[in-house]
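Each ligand, and each atom within it, is numbered from 1 in the order the structure gives.
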Amino acid sequence: MTQDQPIVPFDWFANQFTFESREEFIDQVSPYLRSFIKVGDYALDLCCGAGPIAFFLEDQGAHVTGIDLAPSLIAMARQEAIKRGSRAAFIHASVLTHPLGNGVYDLAVCFGNAILDFPHQSFPQFRDRVYQALKSRGRFVIEYRDGLLRVAHMSEPKEVIEQGLDSQILRRF
Ligand SMILES: C[S@@+](CC[C@H](N)C(=O)[O-])C[C@H]1O[C@@H](n2cnc3c(N)ncnc32)[C@H](O)[C@@H]1O
């Protein structure tokens with residue numbers, strides 16, 4: 001297995017995915033996500049799957065790009081974008097190799113426990129790539145459900161402030 005490949009193939013997720021089945025999830029995370037997004041923001045949805053978070057961010061007024069390795073899920077996202085008249089862009093690629101840009105995004109998110117799909121060795125690479133893609137004072141929000149939720153807030157000068165906000169966040173989700 002290379003670092004590009006998820007630990008689990010995501011055909012199962014595509015097979016069971018419906019936007020209706022993700023409504024409860026969106027309801028849970030939306031109060032939290034709303035506190036990070038501003039109208040006009042450029043947002044990057046890492047491991048976007050079929051795009052439920054991407055569409056939520058767009059509904060809040062963001063310009064959204066989603067990226068995911070699973071072709072079936074990206075196809076669903078693009079189909080849904082057409083259905084909604086969405087302007088969100090969906091890229092079929094690995095976040096570990098696809099050029100994400102330099103200082104482009106106000107917000108990067110990685111939701112749905114997608115971080116679990118990455119081998120631990122790839123975390124620094126993942127973090128560095130996201131950091132480079134963000135504008136200064138950009139925000140990087142990761143959702144991780146197994147008891148640990150972290151917010152990494154990127155700010156100038158080049159430093160990463162990691163805040164363990166577990167108790168606050170756990171109340172919200
Ligand atoms: C549990 S799904 C979550 C999808 C979406 N964020 C959601 O909440 O509905 C995890 C996603 O991570 C994607 N993924 C895993 N490794 C990836 C990588 N290296 N680059 C891009 N996407 C990846 C999988 O294809 C899968 O769609």
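At least one N/O-N/O distance between Val95 and ligand 1 falls below 3.5 Å. Residue-to-ligand polar distances keep Phe17 apart from ligand 1: every N/O pair is separated by 3.5 Å or more. Taking only nitrogen or oxygen atoms, main chain and side chain alike, Asp68 reaches within less than 3.5 Å of ligand 1. For a threshold of 3.5 Å applied to N or O pairs, the pair formed by Cys47 and ligand 1 contains at least one separation below that value.
Which parts of ligand 1 touch Arg22 is read off a 4.0 Å heavy-atom cut-off, strictly below it: atoms 7 (C), 8 (O), 9 (O). Taking a cut-off of under 4.0 Å to the non-hydrogen atoms of Leu73, the atoms of ligand 1 that pass are 27 (O). Atoms of ligand 1 lying under 4.0 Å from any heavy atom of Phe25, numbered from 1 in the order shown and given with element: 8 (O). Taking every heavy atom of Phe111 and a limit of under 4.0 angstrom, the matching atoms of ligand 1 come to 3 (C), 6 (N), 8 (O). In summary, the atoms of ligand 1 found under 4.0 Å from a heavy atom of Phe118, numbered by their order in the structure, are 16 (N), 17 (C), 18 (C), 19 (N). Heavy-atom proximity to Gly112, at under 4.0 Å, picks out these atoms of ligand 1: 1 (C), 3 (C), 8 (O). Every atom of ligand 1 with a heavy atom of Ala70 under 4.0 Å away is listed here by number and element: 25 (O).
Around the CD atom of Gln16, the shell of radius 6.0 Å holds more than 12 heavy atoms that belong to other residues, nucleotides or ligands. Annotation: Phe17, atom CZ; neighbour count of heavy atoms from other residues, nucleotides and ligands within 6.0 Å is above 12.
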Please test Ile74 against Gln79 for side-chain contact (heavy atoms from CB on, under 4.5 Å), starting from the C-alpha separation and ending with a verdict. CA-CA 9 Å; Ile74 284 294; Gln79 208 173 10; over 6 Å; no
In sequence, state the C-alpha distance, the side-chain angles, and the governing distance for His63 and Arg87, and then conclude on side-chain contact (heavy atoms from CB on, under 4.5 Å). CA-CA 8 Å; His63 309 281; Arg87 297 173 67 90; over 6 Å; no
Stepwise, does the side-chain contact (heavy atoms from CB on, under 4.5 Å) test hold for Leu46 with Phe111? CA-CA 8 Å; Leu46 299 151; Phe111 269 58; over 6 Å; no
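Here the two rings, on Tyr32 and Phe56, have centers that are 6.0 Å apart or farther. Taking the six-membered ring where the residue is Trp, the centroids of Phe126 and Phe118 are separated by under 6.0 Å.
A heavy-atom distance below 4.5 Å is not found between the side chains of Phe90 and Ile67.
Between Arg139 and Asp41 there is a salt bridge, since at least one side-chain N of the basic residue sits less than 4.0 Å from a carboxylate O of the acidic one.
Both the sub-6.0 Å distance and the 45° axial angle are satisfied by Arg22 relative to the ring of Phe25.
Nearest residue to atom 15 (C) of ligand 1 from Val29, Asp117, Ile115 is Asp117 (criterion: closest heavy atom).
With a heavy-atom cut-off of 4.0 Å, Leu69 touches ligand 1 through backbone and side chain alike. The side chain of Pro52, and not its backbone, has at least one atom closer than 4.0 Å to an atom of ligand 1 (non-hydrogen atoms only; side chain from C-beta on). In Ala93, the part holding a heavy atom less than 4.0 Å from any atom of ligand 1 is the backbone. Contact annotation: for Cys48 versus ligand 1, heavy atoms closer than 4.0 Å belong to the backbone alone.
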